[in-house]
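These notes concern the structure reproduced below.
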Number of protein chains: 2
Amino acid sequence: MTKQPTRAGMELSQTQRTLPIALLRAREAVMDYFRPLLAEHDVTEQQWRVMRVLDELGTVDASFLARQACILAPSLTRIMRTLEARGFVEVSRDSSDGRRTLVCLSKEGSQFIRKLAPASAKIYQDIESKIGSERIGTLLDEIEILLEALSPEK
Amino acid sequence: MTKQPTRAGMELSQTQRTLPIALLRAREAVMDYFRPLLAEHDVTEQQWRVMRVLDELGTVDASFLARQACILAPSLTRIMRTLEARGFVEVSRDSSDGRRTLVCLSKEGSQFIRKLAPASAKIYQDIESKIGSERIGTLLDEIEILLEALSPEK
DNA sequence: CAGAATAATTTAACATGTTAAGTAAATAAT
DNA sequence: ATTATTTACTTAACATGTTAAATTATTCTG
């Protein structure tokens, strides 16, 4: 845990001490625990993320969903097609703005989420047992602060 | 910054309070600052990451490089082809193990890194000015601890 | 109200992510 | 030593990431 000094000049930091790579490696390390579950149930990471956000938010338009799930609009278009074909989401037009696509989870989609929830929570507990739930809480707090500080509207 | 209680049962957390999504959103927020620079110089995020790791490690075999850069082997195969065509990396065979591909930065690749370093460091400083370098240091420390705790060899 | 500008989404094209299968070299087991 | 297994990498196929252009609906301007 040796701290590197802040770069005074214009040098690059060790990759381990840069936010983009450190955050990526951390996420990969965490996802390694979840991927077997997703693969077992034939959903991609992105499809699962879209469904998790819909479960949380209810009916939303495509742009907002894309932002929340960190998925670009063109990817979301294809993902929605897949999820709709599988009966997991329902798509409609916004009656007050014909440009917008509204999306929500279907009953089947909601059931699918709830079917995987116990296994997902169990994996999360396994991770918590290795890191400590307190430390995870701290990390999530720090990330919330970072997101607030970097949000574009500031 | 209201803390959620640890899930006692089998419910899913708010997406904001899950490591996979929180880490992803944080990384996207950070990368939004770097992407214009990379686009301006016609390198993808992954190509740049490969070069950053090579700059740090010197000559390494493809498997190790893939792990360090969080890139899967098939993607790396294609990325190496692109970077080699552009003259940024040099590829050779390991004489003591004919299966292994060895890779290192070329002189041009090294120059390219150094050419972008100042702008990259400046962007990093801009981010630091919004979050605080101390807080970033704490976050990076927490991530190092997480990576150590989740490393498979434990 | 008509035409211009803007906005939300989709399509297209290429790079990468991901899994499975294939190839070649090294190692292990008879 | 020959065969089988393992290892490192590549190829193939499809999903997603990414940018630019196209499409359709809305809003702005005159």
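Throughout, a chain's letter reflects where its sequence line sits, starting with A, and its residues are numbered from 1.
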Minimum heavy-atom distance B:Glu90-B:Ser106, with the two atoms named: OE2-CB, 3.7 Å
Interatomic distance where CD1 belongs to B:Ile79 and C1' belongs to D:dG17 [whole Å]: 12 Å
Atom-pair distance (CG on B:Leu24; C1' on D:dG17), nearest Å: 12 Å
Among C:dA12, C:dA15, D:dT11, the one nearest B:Gln47 by side-chain distance: C:dA15
Atom-pair distance (CG on B:Leu65; P on C:dT16), nearest Å: 13 Å
Salt-bridge contact B:Glu148-A:Lys130 (side-chain N to carboxylate O under 4.0 Å): no
Nucleotide nearest B:Ser75 when distance is taken to its side chain, options C:dT16, D:dT18, C:dT19: C:dT16
Length of the CG-C1' vector between A:Asp42 and C:dA20, whole Å: 14 Å
Plane angle bin for B:Trp48 and B:Phe112 - parallel if under 30°, tilted between 30 and 60°, otherwise perpendicular: perpendicular
Closest contact, heavy atoms only, A:Arg17 versus B:Gly137: NH2-O, 3.6 Å
Side-chain N or O of A:Gln46 closer than 4.0 Å to phosphate OP1/OP2 of D:dG17: yes
Proximal nucleotide (of D:dT18, C:dG17, C:dT16) relative to the B:Thr44 side chain: C:dT16
Whole-Å gap separating C1' (C:dT11) and CG (A:Leu72): 15 Å
Pairs involving residues 96-107 of chain A, ordered by first then second residue, that meet salt bridge (Lys or Arg N to Asp or Glu O under 4.0 Å) (sequence neighbours left out): A:Asp61-A:Arg100, A:Asp97-A:Arg99, A:Asp97-A:Arg100
Between C1' of C:dG17 and CG of A:Asp32, the distance in whole Å: 14 Å
Whole angstrom value for the distance that separates P of D:dT27 from CZ of A:Arg100: 10 Å
Under-4.0 Å side-chain N/O to phosphate OP1/OP2 contact, A:Arg93 with D:dT26: no
Whole angstrom value for the distance that separates C1' of C:dA15 from CD1 of B:Ile71: 11 Å
Sugar-phosphate only, base, or nothing, as touched by A:Ala62 at under 4.0 Å among non-hydrogen atoms: sugar-phosphate
Presence of A:Arg78 side-chain N/O under 4.0 Å of D:dA15 phosphate oxygens OP1/OP2: no
Closest listed nucleotide, where the reference is the side chain of B:Thr77 and the choices are D:dT18, D:dT26, D:dT10: D:dT10
Distance-only donor-acceptor test, A:Arg99 side-chain atoms vs D:dT24 base atoms, 3.5 Å: no
